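Everything below concerns the one structure shown next.
Not measured: the values here are computed from a predicted model. This chain uses plain numbering: 1 for the first residue, then up along the sequence.
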Amino acid sequence: MPSTVLSGRSQRALLARVAAAVIIVLGILGLSAGPAAAAPPPKPAIVLVHGAFADASGWRDVATTLRGQGYPVQTFDNPLRGPAHDSALLEKQLAGIKGPVVLVGHSYGGAVITNTHDPDVVANVYIAAFAPARGEFVQGLLNPLTFPGSRLLPPALQLKVVDDPTGPGGKNLDGYIARPYFRDIFAQDVSVATAADMFAHQKSAALVANLEPSGDPSWRNVPSWYLVSRQDRVIPPDLQRFMASRAAKGRTSEVDASHASLVSRPGAVAAVVLKAARASQR
């Protein structure tokens, strides 16, 4: 009867064939399974910053759209006291957010995000907003000789003394838009009822907030987008285009809307915010 014991050479040959077969099988399995899919980058949190003569309620429809796309959304209750003061409070809110952040500023809110410096901010979005360079201030940018067209003037713009712990002696001088002029100047493309609701939510802004020089602009280092309102009666469209040419060159679009585009054209506003958020995820 023949022996079943393999010689040393035969054993080595058999092991080599088995090893080759195992490598081939593993290769086939690997090819069929394909490479492991990389985890998608986290969606940034989106923080919406309102401007003067408004409050966070104006972002309602924009926020609903953004949340519907799966983005975490927060609003910032802007005190409207001045860019340095307000941006410091915004930075405190951002410190409680984990992961990347997209900042969106409307009107004076743009001056606030311009002065906000947080390493987690991956994009700025300006919606009919101020985007000052260092040393510029809101009232100076609204110079009617350089960029005419703003109707934010007396008697529409009125002043009142308010209690304010940040002001001298606990008081401050605030500006607001008087009721008869509010819709025509701020939101001429919304219904009368909507304008009345916006007026009811109006927050006055410290007069000194418009006179405070801006610090180093975040838009120099943070990718930024700008949406110009072509029918704006607060910030002239040409002034918006000028600021956008510095802060958001190549990332500027326009919408046929009033200053309150976030209320009258929330879909267009949300689309720009989503573009910035998605670009930051690449």
Side-chain angles (χ1 to χ4, degrees), residues 39-52 54-56 58-59 62-63 65-67 69-138 209 212-228 240 243-253 261-262 269-282:
K43 288 189 173 183
I46 299 173
V47 179
L48 307 172
V49 182
H50 70 81
D55 70 2
W59 290 113
V62 173
T65 298
L66 298 175
R67 290 187 179 112
Q69 293 296 315
Y71 288 88
V73 178
Q74 293 186 18
T75 56
F76 173 63
D77 188 16
N78 196 347
L80 310 175
R81 299 299 93 192
H85 174 272
D86 300 341
S87 62
L89 290 181
L90 176 55
E91 287 175 358
K92 287 183 179 179
Q93 180 169 328
L94 298 183
I97 300 175
K98 294 182 179 180
V101 175
V102 173
L103 284 181
V104 186
H106 172 245
S107 193
Y108 164 80
V112 175
I113 70 172
T114 294
N115 284 272
T116 299
H117 301 278
D118 185 293
D120 291 330
V121 174
V122 293
N124 288 330
V125 184
Y126 293 87
I127 306 298
F130 291 100
R134 181 175 178 81
E136 292 179 341
F137 55 98
V138 168
E212 180 182 312
S214 182
D216 290 329
S218 61
W219 48 256
R220 287 209 182 277
N221 303 308
V222 177
S224 298
W225 281 254
Y226 199 111
L227 181 62
V228 174
Q240 294 182 43
M243 293 185 289
S245 70
R246 304 179 305 184
K249 188 174 182 179
R251 300 188 186 98
T252 298
S253 54
S261 57
L262 68 168
V269 171
V272 175
V273 177
L274 287 170
K275 184 181 294 186
R278 289 165 179 161
S280 72
Q281 293 176 256
R282 294 173 186 163

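With Trp219 contributing its side chain and Trp225 its backbone, the two residues share no donor-acceptor pair below 3.5 Å. One N or O on the side chain of His117 and one on the backbone of Asp216 form a donor-acceptor pair closer than 3.5 Å. Of the possible polar contacts, none joining the Tyr226 side chain to the Ser245 backbone as a donor-acceptor pair under 3.5 Å is found. Using a distance-only test at 3.5 Å, with no hydrogens or angles considered, a donor-acceptor pair links the side chain of Glu212 to the main chain of Ala84.
Atom CD1 of Ile97 sits about 4.0 Å away from atom CD of Gln74, to the nearest 0.5 Å. Note that OG1 of Thr114 and CZ of Arg134 are 13.5 Å apart. Values are rounded to the nearest 0.5 Å. Taking NZ of Lys92 as the reference point, atom CG of Leu90 lies at 12.0 Å (rounded to 0.5 Å).
Side-chain contact between Ser218 and Asn124 is present, with at least one heavy-atom pair separated by less than 4.5 Å. For the pair Asn115 and Ser214, the minimum side-chain heavy-atom distance is below 4.5 Å. Side-chain atoms of Tyr71 and Arg278, non-hydrogen and from C-beta on, do get closer than 4.5 Å to each other. Using a 4.5 Å heavy-atom cutoff, the side chains of Val104 and Trp59 are in contact. Counting heavy atoms from C-beta on, the side chains of Glu136 and Phe130 never come closer than 4.5 Å. Under the 4.5 Å side-chain criterion, counting only non-hydrogen atoms from C-beta, Ile127 is in contact with Ser261. When side chains are defined from C-beta on, His50 counts as touching Asp77, because their heavy atoms get closer than 4.5 Å.
Pairing each heavy atom of Leu48 with each of Ala63, the nearest pair is CD1-CB, 4.0 Å. Here the closest non-hydrogen pair linking Ala247 and Ser224 is O-CB, 3.3 Å. Considering every non-hydrogen atom in both Gly135 and Pro213, the closest pair reads O-CB, 3.8 Å. Considering every non-hydrogen atom in both Tyr126 and Ala131, the closest pair reads CE2-CB, 3.6 Å. Across every non-hydrogen atom of Ile46 and Ala277, the tightest pair is CD1-CB, 4.4 Å. Counting all heavy atoms, side chain and backbone alike, Ser87 lies closest to Thr116 at CB-OG1, 3.4 Å.
With hydrogens and angles left out, the side-chain atoms of Tyr108 and Asn78 include no donor and acceptor closer than 3.5 Å.
Atom NZ of Lys43 is surrounded by more than 12 heavy atoms from other residues, nucleotides or ligands within 6.0 Å.
Checked against Asp118 for a side-chain contact (heavy atoms from CB on, under 4.5 Å), the options Val222, Leu103, Leu94, Val101 give a single hit: Leu94.
A salt bridge is defined here as a Lys NZ or Arg NE, NH1 or NH2 lying under 4.0 Å from an Asp or Glu carboxylate O, and Arg81 with Asp86 fails to meet this definition.
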